[in-house]
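Labels below follow one simple rule: chain letters A, B, ... track the order of the sequence lines, proteins then strands, and each chain is numbered from 1. Values reported hereafter were calculated over all heavy atoms of this structure, with side chains retained and with hydrogens, waters and symmetry mates removed.
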There are 2 protein chains.
Amino acid sequence: MTEKKHQSTFCCQHSGGNDQACVSLVPIFNHLENDQLNEIMQTVKSVRFNKGEFIYTADDEVDSLYIVSEGKIKIFHLSESGKELLIRVLQPGDFTGELALFQDSIHKGFAQTVIDTQVCVIKRSILQELLLKYPSISLKILAEFASRLEKSEKQTIRYATEKVETRIALYLAECMHITPASNEIKLPVSYKDLASYLGTTPESISRTLTRFEEQGFIKKEKQHVLEILDLDGLLLV
Amino acid sequence: MTEKKHQSTFCCQHSGGNDQACVSLVPIFNHLENDQLNEIMQTVKSVRFNKGEFIYTADDEVDSLYIVSEGKIKIFHLSESGKELLIRVLQPGDFTGELALFQDSIHKGFAQTVIDTQVCVIKRSILQELLLKYPSISLKILAEFASRLEKSEKQTIRYATEKVETRIALYLAECMHITPASNEIKLPVSYKDLASYLGTTPESISRTLTRFEEQGFIKKEKQHVLEILDLDGLLLV
DNA sequence: TGTAAAACTTGACTGTAATCAAGTTAATTG
DNA sequence: CAATTAACTTGATTACAGTCAAGTTTTACA
């Protein structure tokens, strides 16, 4: 059972877990004893979604926590002016729905599968029982929230202060950091979605990556796959 | 004792509380019984900071939760390229330090007083005892984190998708929403800091507000005070 | 209250990146 | 595997907003 550093890394691909294992993949549960895990697994329903299906949409009632056991889900919001913004991409072990469980009980964003996806579903009422029964879960979720908040604020700061070229460079550097073994980066989504995540346009992504390649910082291997040749150079743009 | 909707509203001025009352002002505590509140107040230290002093700076060890009982504190971060970004302004009843308490135990940002400020300090170890003794506090903090996360993501979306003029209009609208009784908005900080919060420059703030005034959306009363004349018009820019 | 400093305003200029458009490549699917 | 669609590339143009500079107003404080 591998410990994950963060939820929604957005960079590299994880190997999928099986239906039963999804609970044990999640940081908020994987500190529990085996028999406690088994007890939780009993209460979990496994559901399959086809590519492009919505798990939930904005304004839906929140009544469940969704854990990805296989596949990929993108979470996006609509801005005040109707533009789409990708918030994160969930991979196996990541989860969603937790925010609204403690807050408004209405979803603010959209969750849509990128490929065929298997999710584990925990009902709100069952989760609340679990929080009472195992208080350590609350602390885990607090840590998870703190981590998410930190990431979100970091992202906010980047949007507000860095230019597009720098944001793209920082994004690539972050991907490298997550898979340090290899210099190869596999983008989890299309340029269109990546542009939406980085607050720019597909054209700008294309131009910038081409420029990075001309400058010898990266090499485009094939669609969605890049090789980082000069990380330090990249971070000095 | 008034209930506050959010931490760090960043828009309107609150009336200050006294030393003893600060604990009861905070959403994470104000659901507790009076004798429980009194117990917590015993453990709290009250500290005074002069204008411009730092409560903490980035890379400081985290060992306390700070609750503002009087005054104003700005929380800002530095971006990768060294630019300053204002994250929020704390007013009486708001608190800071909670994030790192559950996470890295190192501060990522800076907390600096804007005017002379009185804060209540709760030591990390005491807060942790409180969390064990009163589990409902954890749930309150979870809700608080959820709210903060939602706000942060909303702000992120704005930076990423809206132009400066729209961001300023949305900011003003939000201030209106917090003080619906009056059409008057009192900006909590200088244009320089507001620009840092909205990811723009003081010049752009000045120009935009002048344009809004020419268009009849607002009226500049005096420095830091605006009157909103046409909220709907403002939101259609 | 007078002086210095800070905050704000306005103008001119510049650069980044968005938009629009058309063409190319890659992926999907019947 | 061919056909259709989606994704990406490249170019030309535009505009938003940042920067620099100089002047004005307001605030702070000695």
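A salt bridge links B/Arg148 with B/Glu98; the closest basic N to acidic carboxylate O contact falls under 4.0 Å.
Distances shown here put a side-chain N or O of B/Thr200 below 4.0 Å from the OP1 or OP2 atom of D/dG18. Put simply, A/His224 has a side-chain N or O that comes within less than 4.0 Å of OP1 or OP2 on D/dC8.
With rounding to the nearest 0.5 angstrom, the CG atom of A/Leu198 is 9.0 Å from the CZ atom of A/Arg158.
At whole-Å resolution of the value, OH in B/Tyr159 and P in C/dA17 are 17 Å apart. In this entry the distance linking CD1 of A/Ile205 with P of C/dT16 reads 17 Å, nearest Å. Straight-line distance from the CG atom of A/Leu187 to the P atom of C/dA27: 13 Å, rounded to whole Å. As a whole-Å value, the separation of B/Glu165 CD from D/dA15 P is 15 Å. Atom pair A/Lys222:NZ and D/dC8:C1' shows a separation of 16 Å (rounding to whole Å applied).
Side-chain contact check for A/Glu227 versus A/Ile185: every heavy-atom pair is 4.5 Å or farther apart. Using a 4.5 Å heavy-atom cutoff, the side chains of A/Ile87 and B/Glu153 are in contact.
Summary of helix geometry: the two end axes of the helix from C/dT1-D/dA30 to C/dG30-D/dC1, each defined by five base pairs via their C1' atoms, are inclined to each other by 60° (rounded to 10°).
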All N/O pairs under 3.5 Å across the protein-nucleotides 10-14 of chain D interface:
from, atom 1, to, atom 2, distance (Å)
D/dG11, N7, A/Arg207, NH1, 2.9
D/dG11, O6, A/Arg207, NH2, 3.1

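The number of heavy atoms from other shown groups lying within 6.0 Å of NZ (A/Lys220) is above 12.
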